[in-house]
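I have a structure here, written as structure tokens, and I will follow up with some questions on it.
Residue numbering restarts at 1 for every chain, and letters A, B, ... go by the order of the sequence lines.
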Amino acid sequence: MDFKNSQFMFLLGGIVGAFVIAQSLYFLIKALKRGKALGITGSVVKKTIFSSAVFAILPSISILIGLIGLTSALGLPLPWIRLSVLGAVTYELPAATTALNALGQSIADPITDPAAFTAVAWVMTLGCITPLIIIPLFLKKIQGGIHKLQKRDMKWGDLFITALFLGMISAFLGMGISDGLLSILTLLTSALLMGICGIFVKVWKVKWLENFALPISMLGAMACSILYANILPANLLPAGLWS
Amino acid sequence: MKDSVNKLYEEQVHLYGRIWMVGALIVMIMVPVSMCVYFGAWPDPIAVLKGLLGVAPIYWTVCTIEVFTYAPMLGSGGTYLAFVTGNITNLKAPAAINSMEAAKVKPGSEEGEVISTIAIATTSIVTTLILALGVLLFSQLTPILESPTLKPAFKMILPALFGGLGVVYIAKNWKIAVAPLAFMIVLFLLVPSLASSVSVLVPVGALVAIGVARILYKKGKV
């Protein structure tokens, strides 16, 4: 059997997956207990869990597609491992490409040398390891600073965090708006669907929709992007859209 | 009393968060170590170094900036978890923001910390299960997921996500949002190649938004 897809590699993938699930369950249980002590109602907690789970499906499938894209060179388990822990498709592909280029190989071809395979694994691991060192050292100080800010001036503390959100949203919206017509149409469709969901919730009191407005807007906009891509002239579409 | 209970909770989150982070560090490092031992194939250190030089300067900087930008939004528990499971901008942060908005709790508050952690834990579990299922059903799923018909949908996932998320936050805080949004649109139009390094621009957008928010706050306009 190909070493990249050996049972040993799948075992490693299983261990990493189990670790992530265990840590998630630990923090979930801890937050549930704390929520109960703070008087957060069971229905709010249930809605948060359910809507987050539904919301996570589409981005997770997108991550899965990224995983599939890496399998031709790296086999199945290594991309699975890398995307399960501290991974992001936007990082893993350049990391693997750079490592293989340094070895005089290409990401387009399957790796046949185990030493090249382990070199790629090292680069993919070490290239994104900083948060695991920075967070244990500095997170307490960062959060302490934020809490002090909020205690000193509650309103400014809230505005500060809102501004952080808006900074992130602005960067991604700015990228979307300047990324061509298909991206703009998808973005506007999502915003429009969210607006329609808002009307249903606020005017017609369809309360259950509140927790699903984002997944619905996302799914609707993604479905419409297929329609737009088929209608728009090819010269208005992003290069490599269909590849 | 409430303050001391919350302080105890926070202390515990930091203590166990650090333990989990060190555990994650060990698990992450043990993957390539065990691969080298099992396959009897230690790589050429120069090749690893060359590969690292191609990605580390950028990604170590991006990762460091991300920690300082996202930690105040995600809360302590959420940060310890999100930075182990990854996919923060496209999944964990939007899930946390959306859940806090729906639950009508403020980010940075005790309730916000709880809701954000629940949202991030749930999304981490769902992603891990979907990836495991995808690996299990790889040969059956690949033709569907790689079908040309679906390509535009998954390539447009970020505009589809941030369009819906953005309209809610911008409508609520349009006075603060106008300047960073205009800044980003102009920047991306002038230098389209920056789209590949959007993560680096998140803190830039945040700095612009914080500056505008401060001015408006001082003038009593927000």
Side-chain angles (χ1 to χ4, degrees), chain A residues 19-20 23-24 27-28 31 35 48-49 52-53 56 59-60 62 64 80 86-87 95 98-99 102-103 114-115 118-119 121-123 127 130-132 134 136 140 142 146 159 161 163-164 166-176 178 183 186-187 190-191 194 214 217-218 221-222 225 229, chain B residues 14 18 20-21 25 32 36 39 41 43 47-48 50-51 54-55 60 63 71-72 81 83 86 91 95 98-99 107-108 114 117-119 121-128 130 134 152-153 156-157 159-160 162-164 166-167 177 180-181 184-185 188-189 195 198 201-202 205-206 209-210 213:
Chain A
F19 179 88
V20 171
Q23 186 183 1
S24 304
F27 278 99
L28 180 62
T48 303
I49 292 175
S52 302
S60 301
S62 170
L64 184 60
W80 174 34
L86 243 175
T98 316
L103 292 160
T118 54
W122 275 110
V123 173
T130 38
L132 296 182
I134 293 169
K140 204 173 170 183
I142 298 171
I146 294 292
L159 278 174
I161 296 179
L164 281 176
L166 288 169
M168 180 185 82
I169 289 168
S170 300
F172 282 93
L173 283 181
M175 182 183 76
S178 55
S183 173
T186 309
L187 207 148
S190 176
M194 185 58 116
L214 189 58
S217 311
M218 231 176 129
M222 285 168 75
S225 73
Chain B
H14 284 297
R18 283 167 173 170
W20 277 106
M21 276 260 156
L25 187 64
C36 291
F39 295 124
V48 174
K50 271 188 185 171
V55 286
W60 284 359
C63 288
L81 191 53
F83 278 91
L91 179 54
N98 188 46
S99 296
V114 167
T117 306
I118 293 173
T122 309
T123 53
S124 300
I125 293 168
V126 170
T127 303
T128 308
I130 287 182
M156 288 294 122
I157 194 162
F162 281 96
V167 75
L181 188 57
M184 284 298 162
I185 292 170
F188 280 112
L189 284 174
V198 64
L201 292 170
V202 171
I210 289 167

Taking side chain as everything from C-beta outward and backbone as N, CA, C, O, which of these in A:Ala95 sits under 4.5 Å from a heavy atom of chain B? Side chain, backbone, both or neither. both

Which answer fits A:Ile146, side chain, backbone, both or neither, if we ask what part of it has an atom under 4.5 Å from a heavy atom of chain B? side chain

For the atom pair CD1 (A:Ile161) and CD1 (B:Ile210), what is the distance rounded to the nearest 0.5 Å? 10.0 Å

From CG (B:Leu91) to OG (A:Ser60), nearest 0.5 Å: 5.5 Å

Between B:Thr128, B:Leu81, B:Val48, who has the most heavy-atom pairs with chain A when the cutoff is under 4.5 Å? B:Leu81

Are A:Thr48 and B:Thr122 side-chain neighbours, meaning at least one heavy-atom pair lies under 4.5 Å? no

B:Val202 versus chain A, the contacting section by heavy-atom distance below 4.5 Å: both

B:Phe188 side, atom CZ; A:Phe172 side, atom CZ - distance, nearest 0.5 Å: 8.5 Å

Closest approach of B:Ala209 to A:Gly167 (non-hydrogen atoms, all atoms of both residues): CB-N, 4.2 Å

Heavy-atom side-chain contact between A:Leu187 and B:Phe162 under 4.5 Å: no

A:Ile134: side-chain contact (heavy atoms from CB on, under 4.5 Å) partners, not counting sequence neighbours: A:Thr130, A:Phe138, B:Thr64, B:Val67, B:Phe68

Pairing residues for B:Lys50 by the salt bridge (charged side-chain N to carboxylate O under 4.0 Å, His left out) criterion, not counting sequence neighbours: none

Would you compute the distance between atom CD of A:Gln23 and atom CE of B:Met21 and round it to the nearest 0.5 angstrom? 6.5 Å

Please look at A:Leu103 and chain B and tell me whether the side chain, the backbone, both or neither of the residue comes under 4.5 angstrom of a heavy atom of that chain. side chain

How long is the span from the CG atom in A:Leu173 to the CD1 atom in B:Ile185, to the nearest 0.5 Å? 7.5 Å

Leading residue by heavy atom contact count with chain B [cutoff under 4.5 Å; candidates A:Ser217, A:Pro131, A:Pro114, A:Gly176]: A:Pro131

Please rank B:Ala71, B:Pro32, B:Ser124, B:Cys36 by heavy-atom pairs under 4.5 Å with chain A and give me the top one. B:Pro32

Rounded to the nearest 0.5 Å, what separates atom OG in A:Ser225 from atom CD1 in B:Ile157? 10.0 Å

Smallest separation among heavy atoms of B:Ala160 and A:Met222, with atom names: CB-CG, 3.7 Å

Under a 4.5 Å cutoff for heavy-atom pairs, which residue among B:Ala47, B:Gly54, B:Ala121, B:Ala213 has the most contacts with chain A? B:Ala121

Of the listed B:Pro107, B:Gly166, B:Ala177, the one with the largest count of heavy-atom pairs under 4.5 Å with chain A is B:Pro107

Could you check whether any side-chain N or O of A:Ser52 sits under 3.5 Å from a backbone N or O of B:Ala95, counting only pairs where one atom can act as donor and the other as acceptor? no

For B:Val114 versus A:Ala31, what's the shortest heavy-atom pair and its separation? CG1-O, 3.3 Å

Heavy-atom pairs under 4.5 Å with chain B, option from A:Ala121, A:Ala99, A:Ala119 with the top count: A:Ala119

Leading residue by heavy atom contact count with chain B [cutoff under 4.5 Å; candidates A:Gly35, A:Ala221, A:Gly127, A:Ala229]: A:Gly127

Do you know which two heavy atoms are closest between A:Ala115 and B:Ala41, and how far apart they sit? N-CB, 3.7 Å

Counting only heavy atoms closer than 4.5 Å, note whether A:Ile142 contacts chain B via side chain, backbone, both or neither. side chain

For B:Trp60, is the CH2 atom crowded, meaning more than 12 foreign heavy atoms sit under 6.0 Å from it? no

Pick from B:Gly108, B:Ser99, B:Gly134: which one has the most heavy-atom pairs with chain A under 4.5 Å? B:Gly108

Identify the two heavy atoms, one from A:Phe27 and one from B:Thr117, that lie closest to each other, and give their separation to 0.1 Å. O-CG2, 3.7 Å

Minimum heavy-atom separation for A:Lys140 to B:His14, with atom names? CA-CE1, 3.4 Å

I'd like to verify something: which residue of B:Leu189, B:Ile118, B:Leu201 has the highest number of heavy-atom pairs under 4.5 Å with chain A? B:Ile118

